[in-house]
Amino acid sequence: MPELPEVEVIRRDLEKEVVGREIRSVEVRNTKNAMRVIRRHRRRRDLEDPLAGATVTAVDRRGKYLVFHLHADADLALVVHLGMSGQLLQSAAGAGYENHTHVVLDLVGGGQLRFVDPRTFGEMFVTTTGEDGEVKELRRLGLDPLEDQLTWQHFSKFLSDHKMKLKSLLMDQRFVAGIGNIYSDEILYLAGLHPSRACDTLSDTEVRRLYRAMQEVLQEAIRHRGTSADDEQYRDLYGAAGDHRSFLQVYQREGQPCRRCRTAIERGRWSNRSTYFCPKCQV
DNA sequence: GTTTAACCCTGCACGC
DNA sequence: TGCGTGCAGGGTTAAA
């Protein structure tokens, strides 16, 4: 499940490969679930028509969403969420389609950008941007953990205002956008905090530790080009897996010794999501 | 305000 | 070998 680091790796790849390029045409293919992928639109052409002839001027990231800014008749944006199993792949125009290739963008000058998604939790839609360049559909998202606006003070205030469990808060996209199941576990481990601790019980030192851990874990994962774990279908733009898997401290390590204290890593379940943690190091 | 569960979907592991 | 079942997960929504 691509989270912030994986989406950021793809964004950086896209910046190199598609910014400045014109989209010749778009095809929403006749796959079983293509209409689910473009579920915000009623018809295929609602996505296809506005994109044809548009030039990609920039590719941004908002949490786990990719935003392609487009120069066309109006200020348009193509928004992509990879869900759990979505991939955005650069391909040669003649190459055979992988299973579950739902949308194909044909680029002027050769090459294609393909959206592949077996489980179809991902989505794609076209929308207009406001004067501030923002996408209205993404306004509810919280701040980006790696951007300057998320100051330590802002972070601390948000925590003290909530009684939720830390795990739930880290994964709440309205608080900080981009953290999912893997990195919430890794962040809490590095910070030495138990996933079920209530947010408003943290000391100043613990808040600082969590804030720092969040940045360190995400940056480190980006350096390793993301995590492709057991059930992970994550691939970068070129189809390559990420290298961060072997650096994971707790995620999917149930029963294995903690890298700090050798206690067996435990797995719990909160809100229907698996959570891995060290029962000794995390308090 | 917070938690929990259900829903959407496919691939995979497992047991029979 | 083949079938049925359960599980995994992100985001959203409804109910508790």
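Here the structure is a predicted model, which means the values were calculated and not measured.
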Enquirer: Check this for me: does the side-chain of A/R119 come within 3.5 Å of the base of B/dG11 through a donor and an acceptor?
Expert: no
Enquirer: Rounded to whole Å, please give me the gap between NE2 in A/H102 and P in B/dC9.
Expert: 11 Å
Enquirer: Return the value, rounded to whole Å, for the distance between atom CG of A/D172 and atom P of B/dT4.
Expert: 14 Å
Enquirer: With respect to the side chain of A/P118, which nucleotide from B/dG11, C/dG10, B/dT3 is positioned closest?
Expert: B/dG11
Enquirer: Which part of the nucleic acid, if any, lies within reach of A/K32 when heavy atoms closer than 4.0 Å are counted: base, sugar-phosphate only, or nothing?
Expert: sugar-phosphate
Enquirer: Quick one: is A/Q173 getting a side-chain N or O under 4.0 Å of the C/dG10 phosphate, OP1 or OP2?
Expert: no
Enquirer: Look at the side chain of A/R267 and decide which nucleotide, out of B/dC9, C/dA8, C/dG10, has an atom nearest to it.
Expert: C/dA8
Enquirer: Rounded to the nearest Å, what distance is computed from the CE atom of residue A/M171 to the P atom of nucleotide C/dG11?
Expert: 7 Å
Enquirer: Quick one: which of C/dG10, B/dT2, B/dT3 gets closest to the side chain of A/H162?
Expert: B/dT2
Enquirer: Nearest to the side chain of A/R273, heavy atoms from C-beta on, is which of C/dT12, B/dT3, C/dG10?
Expert: C/dG10
Enquirer: State plainly whether the residues A/E6 and A/K64 are in salt-bridge range, i.e. N to O under 4.0 Å.
Expert: no
Enquirer: Return the value, rounded to whole Å, for the distance between atom CD1 of A/I38 and atom P of B/dC8.
Expert: 19 Å
Enquirer: Mind calculating the distance between CG (A/L169) and C1' (B/dT3) to the nearest angstrom?
Expert: 14 Å
Enquirer: If the condition is salt bridge (charged side-chain N to carboxylate O under 4.0 Å, His left out), which residues does A/R36 pass it with, not counting sequence neighbours?
Expert: none
Enquirer: Test A/E48 against A/R43 for salt bridge (Lys or Arg N to Asp or Glu O under 4.0 Å), laying out the working first.
Expert: CA-CA 9 Å; A/E48 293 169 342; A/R43 301 164 303 180; over 6 Å; no
Enquirer: Among B/dC9, C/dT12, C/dG9, which nucleotide sits nearest the side chain of A/Y251?
Expert: C/dG9
Enquirer: Would you say a side-chain N or O of A/H100 is under 4.0 Å from OP1 or OP2 of B/dG11?
Expert: yes
Enquirer: Given atom NZ of A/K165 and atom C1' of B/dG1, what is their separation to the nearest angstrom?
Expert: 13 Å
Enquirer: For A/D117, which contact category applies under a 4.0 Å heavy-atom criterion: base, sugar-phosphate, or nothing?
Expert: nothing
Enquirer: Picking from C/dG11, C/dG10, B/dT3, which would you name as closest to the side chain of A/F121?
Expert: C/dG10
Enquirer: Counting only distance, no hydrogens or angles, is the base of C/dG11 paired donor-acceptor with the side chain of A/R39 under 3.5 Å?
Expert: no
Enquirer: Can you find a side-chain donor-acceptor pair between A/R44 and A/N30 that sits under 3.5 Å?
Expert: yes
Enquirer: Quick one: is C/dA8 close enough that its OP1 or OP2 comes under 4.0 Å of any side-chain N or O from A/N181?
Expert: no
Enquirer: For A/L82 and C/dG11, give me the distance from atom CG to atom C1', rounded to whole Å.
Expert: 14 Å
Enquirer: Answer yes or no: does a side-chain N or O of A/K64 lie under 4.0 Å from OP1 or OP2 of C/dG11?
Expert: yes
Enquirer: Would you please confirm or rule out a distance under 4.0 Å between OP1 or OP2 of C/dT12 and any side-chain N or O of A/R140?
Expert: yes
Enquirer: Could you walk me through whether A/R225 and A/D243 satisfy the salt bridge (Lys or Arg N to Asp or Glu O under 4.0 Å) test, starting with their C-alpha distance in whole Å, then the side-chain angles of each, then the deciding distance to 0.1 Å, before giving a yes or no?
Expert: CA-CA 6 Å; A/R225 295 191 63 79; A/D243 296 327; over 6 Å; no
Enquirer: Whole angstrom is fine here: how far is it from CD in A/E123 over to P in C/dG9?
Expert: 21 Å
Enquirer: Looking at C/dG9, B/dT3, B/dT10, which one has an atom nearest to any side-chain atom of A/S274?
Expert: C/dG9
Enquirer: Of the nucleotides C/dG10, C/dT12, B/dC8, which one has an atom closest to the side chain of A/R36?
Expert: B/dC8
Enquirer: Show which side-chain atoms of residues 274-281 of chain A pair as donor or acceptor with protein atoms under 3.5 Å away, not counting sequence neighbours.
Expert:
| from | atom 1 | to | atom 2 | distance (Å) |
| --- | --- | --- | --- | --- |
| A/S274 | OG | A/R267 | NE | 3.1 |
| A/S274 | OG | A/R267 | NH2 | 2.9 |

